[in-house]
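Single-structure report; data block below.
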Amino acid sequence: MKAHGTAHKYGDNVDTDVIIPARYLNTADHAELAKHCMEDIDAGFTAKIKPGDIIAGGANFGCGSSREHAPIAIKASGISCVIAATFARIFYRNAINIGLPILECPEAANDISDRDEVDIDFDTGIITNITKNRTYKAEPFPDFIKDIISAGGLLNSIKKN
Amino acid sequence: MTITQKILAKAAGLDTVRPGQLISAKLDMVLGNDITTPVAINEFEKNGFGSVFDRTRISLVMDHFTPNKDIKAATLTKQCRTFARKYDILNYFDVGDMGIEHALIPEKGLAAPGECIIGADSHTCTYGALGAFSTGVGSTDMAAGMATGTAWFKVPSAIKFELSGKLPPHTSGKDVILHIIGKIGVDGALYRSMEFTGSGLSSLTMDDRLTIANMAIEAGAKNGVFEVDDITREYLKGRVSRPYTEFTADSDDDYDEVIKTDLSEIKPTVAFPHLPENTKTIDEITEKVPIDQAVIGSCTNGRISDMRKAAAVLKGRRIAKDVRCIVIPATQSIYLQCIKEGLAEIFINAGCVFSTPTCGPCLGGHMGILAEGERAVSTTNRNFVGRMGHPGSEVYLASPETAAAAAVKGYIGSDIFAL
Ligand code: SF4
């Protein structure tokens with residue numbers, strides 16, 4: 001499993017309220033949620049994202065409420081992976097459970113700049129910053145997490161097996 | 001390895017695990033309540049899982065809005081009841097034999113040392129008091145847990161809390177955990193385990209420990225866990241007959257940090273709005289903070305020793321004229337015990353409401369909602385904006401003894417124990 005795209009850089013403590021504001025939680029429609037992704041922190045987000053792009057965040061990414069809508073909005077907007085120094089615990093679970101790959105790698109999270117071109121190999125955990133010509137190492141996913149993500153989420157992967 | 005790491009290794013069928021490692025673990029219990037279970041049932045049914053992994057290892061507890069507070073709540077509970085009947089869920093607890101889940105599960109012997117438990121409720125961490133690994137998850141996890149009996153985890157690192165000494169008068173487990181959260185902050189244990197050991201354990205009752213483990217989540221922790229000792233074993237007698245495993249940590253080197261706490265230095269502690277970390281010890285509260293309501297109950301402090309401590313303060317006294325005091329034993333058996341011991345009478349004579357078990361006001365559900373500008377002292381665990389009602393209301397977190405004394409005085413202040 002691989003990902004490749006342009007990185008969009010954010011700071012520490014990106015909370016679930018800015019990822020998807022509560023005023024849009026009256027819908028569970030993925031495309032609708034994607035339209036408002038990151039709206040309160042980066043109004044141009046949806047316009048600039050190309051499928052496959054990557055989010056690079058700082059510490060405690062996804063803190064706040066336990067809403068599963070937050071990783072859903074990110075995934076539905078076309079983001080292929082979120083790299084952060086650390087993730088809030090429930091966001092981390094929810095992201096994997098809905099099939100959004102996320103990698104914890106403080107080194108990469110700090111070094112990647114906005115608009116850097118990044119390549120990710122989920123099998124090895126190697127993150128390559130093509131723009132800066134540097135590599136970073138994250139913990140690779142074990143097979144069962146890979147299964148969850150490639151099936152599109154936890155419940156799909158259970159059904160498949 | 002830490003206690004948590006050893007439990008997770010066993011549940012994953014591995015010899016060792018290391019922090020950050022992702023594992024798939026076998027679950028001993030999957031828990032849900034009347035709010036979270038319907039969401040999980042929807043997922044379960046939408047995905048066509050035709051069966052549950054083990055009808056004896058799922059616990060569904062109708063506690064938040066029960067006895068049903070409105071039609072919406074009644075509909076949700078009905079959905080849970082129908083599901084429980086369809087799959088013949090053994091541990092389904094409804095009005096008449098329910099209790100607040102985190103008081104009920106230990107009481108019924110449904111959690112034991114070394115077990116691995118998930119619950120779609122953030123205070124599932126409570127059972128760490130018994131030496132179990134237990135943690136709160138989302139509804140997708142609960143649905144998957146019910147279907148497969150497994151969950152994935154990222155192995156946490158841990159902070160060791162080494163307790164020594166003995167608690168002074170007017171203090172209890174609630175003051176210990178408020179003290180710790182005040183010290184390390186609401187993200188002080190983010191992602192990590194809080195593991196409690198040391199000579200001070202011998203002076204902490206099981207109820208103290210359940211209160212402490214209950215609020216591990218308020219420090220951001222994944223779980224809180226206590227080393228098993230004679231007090232634990234005594235509690236488990238007559239409740240748990242299945243074999244269980246006790247784990248101890250290998251060495252201090254396995255921990256990120258060791259924090260030492262001398263219990264003899266703990267003072268009655270109150271968390272001011274709107275975060276559990278905004279703590280002051282009672283002697284630091286120089287002003288008088290008038291209160292409109294006192295709530296004594298919840299999964300944090302609705303156990304029999306909490307009821308006894310509150311009753312000891314209220315015996316022969318009346319609560320202040322302008323205060324409403326709501327006492328809610330956490331389970332049916334605690335409720336009955338309160339009646340047998342004459343505590344119910346003490347509460348009622350003091351001018352309190354004495355309610356059937358429910359989460360009720362703790363989450364601003366029912367049975368004591370605050371109006372704008374009102375202020376409550378409460379033995380619950382969260383004092384976020386609007387937690388007990390109007391966003392313009394305030395919640396002060398404290399122990400049952402402190403809350404009862406404040407109810408008598410009509411305010412929170414440094415002299416409340418001079419009754
Ligand atoms: S008593 Fe409060 S904190 Fe405990 S389970 Fe009920 S709502 Fe949650």
Side-chain angles (χ1 to χ4, degrees), chain A residues 12-13 15-17 22 28 59-72 84-106 122 125 137-149 151-161, chain B residues 12 14 17-25 35-36 39-40 42-51 53 118 120-122 124-125 135-157 186-187 189-193 216-217 219-223 384:
Chain A
D12 292 343
N13 300 312
D15 65 67
T16 52
D17 271 300
N60 204 19
F61 190 94
C63 60
S65 86
S66 63
R67 63 187 72 146
E68 284 189 2
H69 304 74
I72 288 172
T86 54
F87 289 94
R89 188 179 92 74
I90 297 183
F91 180 88
Y92 189 90
R93 285 201 83 78
N94 288 347
I96 289 180
N97 285 346
I98 63 114
L100 171 69
I102 57 177
L103 288 177
E104 210 165 68
C105 182
F122 293 105
K137 175 100 172 65
E139 179 103 8
F141 289 131
D143 286 343
F144 75 92
I145 295 279
K146 264 188 251 166
D147 286 347
I148 293 174
I149 290 171
L154 181 63
L155 299 177
N156 283 332
S157 91
I158 293 170
K159 259 195 314 196
K160 237 178 55 189
N161 298 323
Chain B
L14 302 168
V17 293
R18 56 182 195 297
Q21 187 178 345
L22 292 163
I23 56 158
S24 176
I35 296 186
T36 57
V39 186
N42 290 344
E43 290 295 323
F44 187 94
E45 285 175 347
K46 197 173 80 197
N47 283 281
F49 300 128
S51 60
F53 83 108
I118 60 166
D121 188 276
S122 58
T124 303
C125 53
T135 193
V137 296
S139 45
T140 302
D141 281 306
M142 185 189 170
M146 290 198 296
T148 67
T150 60
W152 64 271
F153 296 107
K154 189 158 144 209
V155 177
S157 63
V186 292
D187 60 355
L190 192 65
Y191 237 29
R192 299 187 279 180
S193 311
I217 179 74
K222 182 182 192 112
N223 68 312
F384 301 156

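Computation of the quantities below employed the complete heavy-atom set of this structure, encompassing side-chain atoms and omitting hydrogens, waters and symmetry-equivalent molecules. Convention: sequence-line order gives letters A, B, ...; per-chain numbering from 1.
Salt-bridge annotation for Glu139(A) and Arg18(B): present, with a side-chain N of the basic residue lying under 4.0 Å from a carboxylate O of the acidic one.
In this structure, no portion of Asp187(B) lies under 4.5 Å from any heavy atom of chain A. The contact between Leu190(B) and chain A is made entirely by side chain atoms (from C-beta outward), counting heavy-atom distances below 4.5 Å. Only the side chain of Ile148(A) has a heavy atom closer than 4.5 Å to any heavy atom of chain B. Interface remark: Ile145(A) contributes side-chain atoms only to the contact with chain B (heavy atom separation under 4.5 Å). With a 4.5 Å cut-off on non-hydrogen atoms, Phe49(B) touches chain A through its side chain but not through its backbone.
Per-residue counts of heavy-atom pairs under 4.5 Å with chain A were compared for Gly136(B), Gly48(B), Pro156(B); the largest is that of Gly136(B).
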**OP:** Step by step, work out the side-chain contact (heavy atoms from CB on, under 4.5 Å) result for Tyr191(B) and Thr86(A).
**Re:** CA-CA 10 Å; Tyr191(B) 237 29; Thr86(A) 54; over 6 Å; no
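With sequence neighbours excluded, the residues that form a ring-ring contact (aromatic ring centres under 6.0 Å, His included) with Phe141(A) are Phe122(A). Every residue two or more places apart in sequence or in another chain that forms a side-chain hydrogen bond (donor to acceptor under 3.5 Å, both in side chains) with Thr148(B) is listed here: Thr150(B).
For the pair Asn47(B) and Ile158(A), the minimum side-chain heavy-atom distance is 4.5 Å or more. At least one side-chain heavy atom of Leu155(A) sits under 4.5 Å from a side-chain heavy atom of Thr140(B). Side-chain contact between Thr135(B) and Arg89(A) is present, with heavy atoms from C-beta onward closer than 4.5 Å.
In terms of heavy atoms, Ala151(B) sits closest to Arg93(A) at CB-NH2, 4.2 Å.
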